[in-house]
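Okay, so here's the structure we're looking at.
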Amino acid sequence: MSKINTNKKLELVKAIRMQDQYNRQLFRAREGFLYSEEPLVKRGEVYSLEAEDKPITPDNGKVYSSFRIRFVIAVVLLAAFILCDINHLDYEGENTDTIYGRLTRNIDITEFFTLQSTSSE
């Protein structure tokens with residue numbers, strides 16, 4: 001068996017220390033899950049390659065979601081549909097009955113493509 005040089009020994013020690021650091025980090029993360037009072041905590045990656053653990057704080061109600069906008073648009077469209085139905089309004093021969101029929105009708109995918117090809121010609 002050949003002798004192990006110093007560089008190989010140092011690499012082995014470094015690998016053992018990195019594995020020990022990783023195990024300690026996992027242990028701390030699991031302890032944090034069990035005993036932490038903070039709801040959201042960002043955990044660092046393996047071998048501490050990322051910044052320190054910092055709690056994530058919400059932005060005081062600033063939500064950058066499009067749900068509110070989509071909800072308002074849906075309510076406005078529903079209100080317009082109901083008003084058009086009550087007042088019996090139509091637009092270019094389309095009324096609420098034909099629109100409702102289109103929404104509730106099951107359409108075959110081949111029928112959809114034939115409708116598009118005939119309308120483009």
Can you measure from [atom1] ([X]) to [atom2] ([Y]) and round to the nearest 0.5 angstrom?
X	Y	atom1	atom2	result
D20	Q25	CG	CD	11.5 Å
N23	M18	CG	CE	12.0 Å
I4	E11	CD1	CD	11.5 Å

> Does a side-chain N-to-carboxylate-O contact under 4.0 Å join E31 and R24?
Replying inline: no

>> When you compare the side chain of K14 with that of Q19, does any pair of heavy atoms fall below 4.5 Å?
In response: no

[X] side chain to [Y] main-chain N or O, any donor-acceptor pair under 3.5 Å?
X	Y	answer
T104	Y100	yes
D90	G93	no
N87	L89	no

> Can you hop from I69 to L77 via hydrophobic side chains spaced under 4.5 Å?
Replying inline: yes

>> When you group the ILVMFWY residues by side-chain heavy-atom contacts below 4.5 Å and let the links chain together, are I86 and L78 in the same group?
In response: yes

> Who passes side chain to side chain donor-acceptor pair (under 3.5 Å) against R70, sequence neighbours left out?
Replying inline: S66

>> Could you go through R102 and I99, starting from their C-alpha distance and side-chain angles, then the distance that decides it, and tell me whether this counts as side chain to side chain contact (heavy atoms under 4.5 Å, CB included)?
In response: CA-CA 5 Å; R102 286 185 187 175; I99 294 173; 5.7 Å; no

